[in-house]
Each structure stands twice: as C-alpha cells, then as structure tokens.
Amino acid sequence: MRYAKPKSVDEAVALLAAEKGLARVLAGGTDLLVQMRSRRALPDLMVDCKAIADMTSIAAEDGGIRFGAATACMALVENAQFSAACPGVTDAIKLIGSIQVKGRASVGGNVCNASPAADSVPALIAAGATARIASPRGSRDVAVETITTGPGKTCLARDELLVSFLVPRKQRNCGDAYLRFTPRTEMDIAVVSAGVNLKLDATGICREARVSLGAVAERALLVAEAGAALVGSKVDNAALERLGAAASAACRPIDDKRGTREFRIKVAGVLARRAAQIALDRTGKEN
Amino acid sequence: MAKHHVSALINGNPVEYLCDAQQTLLEVLRDELNLTGTKEGCATGDCGACSVTIDGRLVCSCLTLGAEIDGKAVQTIEGMATGTELHPLQTKFLELAALQCGICTPGMLVAAKALLERNPDPTEDEVRYWLAGNLCRCTGYNKIIEAVLAAAGEMRKG
Ligand code: FES
Ligand code: FES
C-alpha cells in the first residue's frame, strides 16, 4: 500500500483518477483501518485528506455553516458556532463512538461508509444539508439523502471526493433534534434513529418539516409523509400521532438480534414523535 | 515500497522515524520507538488502551497511521510524569487502587488528562461518559472514577 497526503482537492482527485488499483480516501480512518485489519478492504493507495484546508475547516457561509468532510467529530462538537447553528446534527455527532473515536472520525467518513445505521446521516438529511463532491471534471452539490444508495454503497464515482457539507442556518422559529435507540447508553450502534427539523410561523403553526429515519431500511430515509403530517398543525398530540404512524409505515427494516422487524417499526414512530417534541421545544414555542 | 520518513514531536522531544504506509501509530510507538507504555487491547477502536493525544486531541493510536504524524505533536503515557514526579492522576490512581492488572491504565490516564485539560471540575457523570471508550476488565470502574475526581480536586487546589 502507498500513502499520499495531497494539499489540495485538485491534487486529491487527480490521485484518485490516476490510480489503477484500489484507492481509498482516508479521513479519520475509524472504519477504514478496521476494514483493512480484517482484510475487508485492501487499498493500493491511501489518500489522506486531512492536509486539505477545505476538508478540515468550519466556517460560516451564506445561509449556513460549511464544514470539511474530514473534520474530526470532536472538532465539530467543541466548535461553539457549529453546535449553536446545528443542534440536531450535533446531537447525532455526539453519539458516534467514544471520545477517542470522535477525535478521529469524520462526518464525511460516516456518510461514505454508508452504514444504514450511521448517526450523522438522518440528522443531516433532516437539516436539509447538502454535500459538495469534487472530481477532475469540477464539483457538484447534492442533497445528503441522495448519497447513500445501499449498505456500503454511495453515488460517488471512483474519482469523486466528498469535500464538505453545508448545513443551512437555523432561522427563528426553527428547531431540530436527533434521537436513536440503543440497548446501551454509550458505545453502541443505532437500532433505530430519527432526525426531525421543524419550521414554524410566528403563530406557532408548522410550515415545513423534514423527518429522516435511520437503521430501518437499506439506507437512511427522508420520509415526506411524516413531515407532511406536521405541516399546518401546532405540532399537537394528534399531529404527533400522525407523524409516528407515517414514520412507522415507511420502515422496511431487517430483522436481527439487535432488533426485530416489529420492534424497529414501532420504535421508529416513537422516536420520530419524541424528536419532533424536542425540535419543537427548541423553537421556543409550545404545542 | 519506500518507507515514509516522519518527523514529529513525541512527548515534547523531536523524533524521526521510518514506517510503512500501513503501520499504525500504535505499532510505530511500540515496535519502532520502544514506547511500550501505550497498550494494544483490541486494535479496532473499542477499548481505549491505545489512547494518545495528537496536537492535543484524544485519539486511538490503533486507528491512526504512523505516516500521518509528520509535523504533529504526540503525547503518550511516557510524557505524563515530570522526571520522577508523578502527575496527580497517576498519584491518585495509586493511592485509591484504581488499577489491578494495569493494561487499561495508560489509556485511562491519558484520556482522563485530556478531560481535565478541557474541564477541570467534571461531574461524576461527565467523567463516566468521557471514559466510556476506555474498557477495564478488573476494577469495576468505580475506583477509576473516584481517582479521576480526586485528582481533579487536587489539581484545582493548584
Ligand atoms: S487498541 Fe486501540 S482502541 Fe483498543
Ligand atoms: S486494571 Fe486490568 S483492565 Fe483495567
């Protein structure tokens, strides 16, 4: 295996494009190094992206916060500007692994590893985040919900690199939250998870809602029906019931020792309701 | 394949080493630099025995490549005491019997130090959550948590 540490996005995508064997992007390495150790991934070239400023910085941008895809999760959690602007995404990032794993792990890696249970993904989807993807042909911005296509699979071509994310800034009367169910309180993987993002008007009526579920399908889902269940309501009990039912109805989970099918379907509704209540509380309005 | 030449600061000392691309920082520390205080429990990021800091950030050295360290500052358990004078965390671990076999201890100490640098007065809950990534099969954890809280108190007195 060879190791390269490009200093720019252009240099990185040129390395990816030129590689004849298997090239892998190294951000935090918390999934990749484990895969290499168990010989599930045997790259010929490792492209370490942590010397690229665009991929490791956090900065306010028109309409939101842009952060590099290789930024360590702890750097995001400890960034006051980020956690204030993106509370739901911060909820999710805080749940990824231990402190020392978060010292390395990145959101870009969490997304590109493409686990259906990745914590950051439903939170990013609910927040309406976009990702910037670069290649030798230029760059494109895509909605996060279009990146993962199935377990371990993304829409990225082999010469494409996920550079950064843009999370829209929370406006007045907006709130978001992320919750997951795990048997243990720490150091576990979501059995079911839910991210909810609400926008209310001045009278407390919900005008927009985005609901995303994790670990209940082959990839994180954006559930339009669940969001629609809240729009036009004051996020009261009846609306929360409709939200829960729509969330449960969207699930097509696996059935395994970590959670049965029925359990995941039921808990998806419960978590969606609870996350919506927290999101509502964060708007400062009452139902 | 040519080896990577790395210059880094380890426990404040300039160090140069050669490593293969796939060698982890943990392997470099233990096998190349003879800094065997950092332990390998799992090599998959689950146990925290390999905890070190890189530029002040707590990480698992088993999930880091040695080649990544060029130009960085690494702190390991070997850099914790000042000469023969133990760090207050080390003293409290001894006084309060916060270790038995000792394999988790370097990682616990390095992780606890990183916590106290950020938060000199953590609650018990904060200590427990911060150390959730450090596994111990001997002590049952309570003595470790007590030692960290006692060291924090000691350090606040100055
Ligand atoms: S050896 Fe690194 S976390 Fe266990
Ligand atoms: S003292 Fe033995 S593992 Fe912690």
Side-chain angles (χ1 to χ4, degrees), chain A residues 1-7 21 23-24 26-51 56 70-80 94-106 109 113 182 184-189, chain B residues 1-6 19-27 38 40-72 107-108 110-112 114-115 117-119 125-135:
Chain A
M1 188 184 88
R2 284 156 293 131
Y3 166 88
K5 194 170 195 171
K7 295 231 161 33
R24 290 293 298 266
L26 174 66
T30 55
D31 286 310
L32 183 51
L33 265 59
V34 176
Q35 288 167 13
M36 284 165 55
R37 191 156 190 104
S38 63
R39 306 183 71 78
R40 275 174 294 153
L42 293 169
D44 301 292
L45 174 67
M46 191 79 111
V47 181
D48 181 357
C49 286
K50 290 191 295 298
T56 51
T71 313
C73 288
M74 279 310 281
L76 291 167
V77 169
E78 290 180 351
N79 184 296
K94 278 188 177 163
L95 293 167
I96 298 174
S98 62
I99 304 289
Q100 35 280 75
V101 165
K102 282 187 284 244
R104 294 277 300 167
S106 69
N113 189 53
T182 53
R184 297 190 287 185
T185 52
E186 275 290 288
M187 303 293 287
D188 209 339
I189 297 168
Chain B
M1 190 62 220
K3 293 210 175 212
H4 287 271
H5 179 251
V6 174
C19 69
D20 293 324
Q22 63 271 22
Q23 256 182 309
T24 63
L25 173 59
L26 176 61
E27 289 165 341
T38 306
E40 178 180 284
C42 63
T44 50
D46 296 295
C47 75
C50 67
S51 298
V52 300
T53 62
I54 303 174
D55 290 346
R57 177 132 345 264
L58 183 67
V59 302
C60 298
S61 60
C62 72
L63 297 181
T64 306
L65 295 177
E68 292 182 57
I69 298 306
D70 196 36
K72 309 256 183 238
M108 288 286 182
V110 168
L115 169 64
E117 279 162 6
R118 283 165 177 72
N119 180 357
D125 265 11
E126 284 168 337
V127 177
R128 286 189 186 274
Y129 273 103
W130 186 273
L131 295 179
N134 292 82
L135 302 187

Can you name the nearest heavy-atom pair linking [X] to [Y], along with the distance?
X	Y	result
A/L33	B/T64	CD2-N, 3.6 Å
B/G45	A/V101	O-CG2, 3.4 Å
A/Q100	B/A111	NE2-CB, 4.1 Å

Report which part of [X] has an atom under 4.5 Å of a heavy atom belonging to chain A: side chain, backbone, both, or neither.
X	answer
B/L65	both
B/C62	backbone
B/A114	neither

[atom2] on [Y] to [atom1] on [X], rounded to 0.5 Å:
X	Y	atom1	atom2	result
B/Q22	A/R37	CD	CZ	11.5 Å
A/R104	B/E68	CZ	CD	4.0 Å
B/L135	A/S98	CG	OG	9.0 Å
A/K5	B/H4	NZ	NE2	11.0 Å

What residue in A/I99, A/T30, A/D48, A/L26 has the most heavy-atom pairs under 4.5 Å with chain B?
-> A/I99
Flag the one option from B/V52, B/T53, B/L63, B/T24 with the top tally of heavy-atom pairs under 4.5 Å to chain A.
-> B/L63
Best-contacting candidate, B/G71, B/C50, B/A43, B/G48, against chain A by heavy atom pairs under 4.5 angstrom = B/A43
Please classify the contact between [X] and chain B as side chain, backbone, both or neither, with a heavy-atom cut-off of under 4.5 Å.
X	answer
A/A105	neither
A/M46	side chain
A/K50	side chain

